[in-house]
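Predicted model, so just to flag it, every value in this text is computed and none were measured. Just so it is clear, the values below take in all heavy atoms, side chains as well, and ignore hydrogens, waters and symmetry mates.
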Amino acid sequence: QVQPVESGGGLVQAGGSLRLSCVASERTLRMYTMGWFRQAPGKEREFVAAISRSGNTAYADSVKGRFTISRDNAKNSVYLQMNSLEPQDTAVYYCAARTGALVRTTANEYAYWGQGTQVTVSS
């Protein structure tokens with residue numbers, strides 16, 4: 001029940017938008033901090049955004065002003081709205097969960113991971 005499942009990836013042209021969804025158990029969404037990470041070919045997994053159980057958010061500098069993380073507990077979901085997508089946003093995007101009340105930006109702080117969804121942005 002802790003492991004999240006993400007979806008919503010696809011192919012989009014530069015400047016377009018996608019919304020990724022992450023579904024987890026009700027308890028996970030309410031009790032854990034949820035994060036989005038991404039990994040491009042040949043690159044390490046990097047932080048994108050996170051939201052705590054109290055609603056505090058954090059964003060990587062590279063996505064500030066373009067991406068928005070949100071939570072809908074009624075749907076057991078966390079979303080990543082991605083606008084003004086750029087080719088450098090191309091990566092596999094992962095939803096992750098961690099225990100604790102505070103947001104964290106390091107991948108090894110998160111114990112539970114989805115299997116990833118591919119986002120490809122063409123120029």
Any pair with a residue in residues 53-83 that passes ring pair (Phe, Tyr, Trp, His ring centres under 6.0 Å), sequence neighbours left out, goes on the list, sorted by first then second residue, please. none

Any sub-3.5 Å donor-acceptor pair from Glu6's side-chain atoms to Cys95's backbone N or O? yes

Can you confirm whether the side chains of Asp72 and Ser77 place a donor and an acceptor under 3.5 Å from each other? no

Donor-acceptor under 3.5 Å (Thr117 side chain, Gly9 main chain): yes

Can you name the closest pair of heavy atoms from Thr90 and Val121 and give their distance? OG1-N, 2.9 Å

Taking C-beta and beyond as the side chain, do Tyr93 and Gln118 meet within less than 4.5 Å on heavy atoms? no

Distance in Å, Arg38 CZ paired with Leu80 CG, rounded so as to fall on 0.5 Å steps: 9.5 Å

Taking the side chain as every heavy atom from C-beta outward, state whether Leu18 and Val119 have any atom pair closer than 4.5 Å. yes

Using side-chain heavy atoms (C-beta onward) and a distance below 4.5 Å, is Arg71 in contact with Arg53? yes

Closest non-hydrogen atoms of Ser17 and Asn83, given as atom of the first, atom of the second and distance, are OG-OD1, 2.9 Å

Starting at CD1 of Ile51, measure out to OG1 of Thr68 and round the result to the nearest 0.5 Å. 10.5 Å

Check whether Arg66 reaches the backbone of Ser62 with its side chain - one donor and one acceptor, N or O, closer than 3.5 Å. yes

Locate the shortest heavy-atom distance separating Trp36 from Ser21; write the atom from each residue and the value. CH2-O, 3.7 Å

If you round to the nearest 0.5 Å, how far is CG of Asp61 from NZ of Lys64? 4.5 Å

Residues in side-chain contact (heavy atoms from CB on, under 4.5 Å) with Ser54, at least two apart? Ser52, Asn56

Stepwise, does the side chain to side chain contact (heavy atoms under 4.5 Å, CB included) test hold for Val78 with Ile69? CA-CA 7 Å; Val78 171; Ile69 188 170; 3.8 Å; yes

Is it true that a side-chain atom of Arg98 and a backbone atom of Leu102 form a donor plus acceptor pair closer than 3.5 Å? yes

In Å, rounded to the nearest 0.5 Å, how long is the span from CD of Gln39 to CZ of Arg45? 5.0 Å

Does Val63 share a hydrophobic cluster with Met82, counting links as ILVMFWY side-chain heavy atoms below 4.5 Å and allowing steps through other members? yes

Please give the remaining members of the hydrophobic cluster of Tyr110, linking ILVMFWY side chains under 4.5 Å, ordered by chain and number. Phe37, Phe47, Val92, Tyr94, Trp113

Test item: Gln81 and Leu20 side chains (from C-beta on) under 4.5 Å apart, heavy atoms: no

Search all heavy atoms of Ser123 against all heavy atoms of Ala14 and return the closest pair with its distance. CA-CB, 4.3 Å

Is it the case that Glu86 and Ser84 place a side-chain donor and acceptor less than 3.5 Å from each other? no

